[in-house]
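One structure is given below, encoded as structure tokens.
Each chain gets a letter, A, B and so on, in the order the sequences are listed, and its residues count up from 1. The basis for the numbers below is simple: all heavy atoms, side chains too, and nothing from hydrogens, waters or symmetry mates.
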There are 2 protein chains.
Amino acid sequence: MTIHDVAEAANVSPSTVSNFLNGRPERMNPKTRRRIENAISKLGYRPSKVARQLRTGHPTTIGLVVPSVANPFWGTFARHLERNALADGFHLLLCNSQRDPGREREYVEQMWADGIRGVVLCSSLPDVEHVVPLLDKGLAIVTFDRTPQASDPPGLANISVDNVVGAELATTHLLGLGHTRIAFVSGTLDSMNRRARYRGFCLALERAGLDPAQAPTWEAPEGTYGDRDIAELGKQAAIELLQREHPPTAIVAVNDLCAFGVFAGARSLGRDIPGQLSVTGFDDIVLADLATPPLTTVRQPLSDLSEAAFAQLRAAMSGDPSAHGRSLTMRPELVVRASTSAPPD
Amino acid sequence: MTIHDVAEAANVSPSTVSNFLNGRPERMNPKTRRRIENAISKLGYRPSKVARQLRTGHPTTIGLVVPSVANPFWGTFARHLERNALADGFHLLLCNSQRDPGREREYVEQMWADGIRGVVLCSSLPDVEHVVPLLDKGLAIVTFDRTPQASDPPGLANISVDNVVGAELATTHLLGLGHTRIAFVSGTLDSMNRRARYRGFCLALERAGLDPAQAPTWEAPEGTYGDRDIAELGKQAAIELLQREHPPTAIVAVNDLCAFGVFAGARSLGRDIPGQLSVTGFDDIVLADLATPPLTTVRQPLSDLSEAAFAQLRAAMSGDPSAHGRSLTMRPELVVRASTSAPPD
DNA sequence: CTGAAAGCGCTAACAA
DNA sequence: TTGTTAGCGCTTTCAG
């Protein structure tokens with residue numbers, strides 16, 4: 001089923017069919033147009049995107065690299081982005097990096113060879129050295145959830161929520177409730193957004209006259225990380241922290257999955273949430289408001305974020321210089337639910 | 001960066017480079033081979049998959065259509081499938097159908113035009129009429145989580161868990177605990193797996209001498225469905241059911257997300273789980289064991305399922321006749337956790 | 001063992 | 001308004 005078949009069926013040349021497909025069909029002889037239309041629909045013809053792309057170089061697919069779509073946060077982001085892409089005629093190639101720089105690089109190179117010219121990279125790794133060769137070749141990359149660094153190559157745009165502010169919001173909320181022994185729980189602090197969240201946590205503490213260095217923090221050993229493990233980590237952290245001599249009365253978890261792990265850990269010790277322990281999350285994933293108790297968390301405006309990321313990517317792909325290196329940071333919002341309350345006594 | 005550049009750098013013809021890439025590099029003059037290898041690595045050359053596919057017709061990507069990756073179940077499945085695909089050199093194109101047959105068809109047609117020749121369709125719609133034209137053209141389709149129908153086109157393979165058995169397992173477990181007033185809660189019963197689960201529920205009841213027609217069931221109004229709403233539905237259902245005159249002492253939820261909704265509904269009414277209400281789910285998503293209380297549910301062996309789906313797809317794509325219409329049904333496993341116990345009194 | 005030539009399906013000047 | 005031509009980057013006979 002090629003353009004030739006259509007041409008033959010419509011008694012025109014292939015290029016006329018092509019003109020119909022690409023040029024302005026309006027400016028054709030109505031009769032020819034009708035014939036072509038009929039032929040196309042009768043034959044159920046669709047132009048081969050492969051051939052088309054080889055010829056024009058115009059990509060038809062964008063890439064998405066996430067740590068793991070098994071994490072509902074990334075799953076939701078992927079769904080949003082796919083919707084944005086589709087609305088613009090693009091398809092979405094999905095890659096799970098497990099936050100491994102090597103895999104990220106390999107993926108991105110494969111994509112380049114695949115003819116993909118734009119990718120949304122949800123890396124949050126501080127170092128993006130591994131993708132600059134591709135950037136140089138002309139691949140448009142928009143990073144997501146990653147604070148821009150001075151050392152970043154120019155032309156790398158980033159879309160993310162302000163993680164510092166988000167964590168501050170959560171911590172300040174806890175402080176306002178009267179908590180003073182607040183712990184920070186995270187996986188390894190190897191990603192930028194996690195570090196930023198930790199920074200926000202510290203900032204809020206300082207502002208309240210507390211010493212962040214005194215605040216218990218629990219960080220997973222290096223290399224432990226996988227998105228599917230983060231909940232397990234939260235659980236261990238909670239168990240460990242709550243059995244200390246002066247256990248925290250509140251925990252700021254690095255994300256919702258981690259917070260759920262904290263829930264599980266607290267429960268295994270018979271602690272009541274929020275009665276004996278307040279917990280905050282980050283992300284506001286689907287299940288946050290369904291949890292027991294519903295989770296107080298920092299919401300990421302995923303729909304807006306993915307839309308911005310896609311817009312930025314399109315601009316970068318079309319070589320729009322105004323898109324060059326323009327990062328966008330959105331302000332997150334605290335969603336207060338039932339997992340936080342005043343500290344006991 | 002084309003094959004010509006490499007050829008030039010290595011002082012050979014393009015076709016020799018191609019031979020090196022595809023034919024047996026062993027059977028070449030070691031010197032030429034070395035030169036080509038050097039040229040390739042120096043230039044960082046990767047063959048264009050687009051051109052390659054146009055020429056050979058060999059696809060490099062497979063498609064995945066899921067209702068929504070925002071649902072952790074599908075997200076997890078997508079991650080597994082991507083892994084399987086990658087191990088075989090394939091990439092994964094992701095599509096979210098929202099269970100809309102029209103979108104499914106459109107996606108599948110787009111994919112065909114994109115040069116994709118194999119797709120895993122997570123449809124569970126009873127009717128697959130909308131994709132038979134593509135099947136006829138030669139697209140390999142493996143459906144997932146969908147019981148084969150007599151009316152199915154031949155050549156359509158399906159991989160799924162035995163949903164009837166799964167629901168029976170859950171219901172029988174509840175029965176064994178002493179429950180007699182057990183409700184079934186679902187979204188609209190428009191999908192095959194949901195119907196199958198309902199059937200399993202009824203079967204278990206009958207075997208225990210109970211009349212399924214007497215069992216309270218709650219089904220969402222037609223068209224309400226979106227995967228993101230199912231939890232909300234579960235919540236409404238629980239609230240409604242628990243306020244009846246003779247409320248159920250146990251609820252079989254159609255999946256885990258729905259069960260979490262039931263949790264939320266019960267909680268809003270101040271009911272204790274499992275003290276006053278036992279709840280079972282289906283799927284065993286990541287968060288099932290982290291919930292409060294941990295959810296008793298029916299586990300789908302997702303890793304095995306996705307592996308089987310991919311294997312089947314590969315076989316179908318390579319025209320292996322033994323793959324033709326061979327469906328595989330795996331037995332699910334009941335995972336007993338803390339959301340179920342003996343009924344009150 | 002290596003190269004020349006043809007063509008996958010399509011588009012885009014350019015010519016008619 | 002429509003058709004002719006060339007070529008995107010690659011593979012694959014078939015000669016040399």
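- Counted by atom type alone, B:Ser306 and B:Asn84 present one or more donor-acceptor pairs between their side chains at under 3.5 Å.
- For B:Ser97 against B:Val65, the heavy-atom pair with the smallest separation is CB-CG1, 3.8 Å.
- Partner of B:Pro148 under the side-chain contact (heavy atoms from CB on, under 4.5 Å) criterion, chosen from B:Thr329, B:Leu156, B:Asn158: B:Asn158.
- Axis angle, first five pairs versus last five pairs of the helix from C:dC1-D:dG16 to C:dA16-D:dT1: 40°, rounded to 10°.
- Counting only residues at least two apart or in different chains, salt bridge (Lys or Arg N to Asp or Glu O under 4.0 Å) contacts with residues 41-62 of chain B comprise A:Glu106-B:Arg46, A:Glu109-B:Arg46, A:Asp114-B:Lys49.
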**Q.** Sugar-phosphate or base contact per nucleotide [nucleotides 8-16 of chain D; S, B, -; heavy atom under 4.0 Å]
**A.** BBBBB----
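- The salt bridge (Lys or Arg N to Asp or Glu O under 4.0 Å) pairs that include a residue from residues 305-314 of chain B are B:Asp88-B:Arg314, where partners are two or more places apart or lie in different chains.
- Contacts of B:Glu82 classified as side-chain hydrogen bond (donor to acceptor under 3.5 Å, both in side chains), with partners at least two apart in sequence or in another chain: A:Tyr107.
- Read 5' to 3', the first and last nucleotides of DNA chain C with an atom closer than 4.0 Å to a heavy atom of chain B are C:dC1 to C:dG9.
- With B:Ser123 as the partner, the side-chain hydrogen bond (donor to acceptor under 3.5 Å, both in side chains) test is satisfied by one option alone out of B:His130, B:Arg99, B:Glu104: B:Glu104.
- Between A:Asp152 and A:Arg146 a salt bridge is recorded (basic side-chain N to carboxylate O distance below 4.0 Å).
- The two atoms that bring A:Phe77 and A:Cys122 nearest to each other are CE2-SG, 3.7 Å, heavy atoms only.
- Residues A:Ser18 and A:Ser15 bring no donor and acceptor atom of their side chains to less than 3.5 Å of each other.
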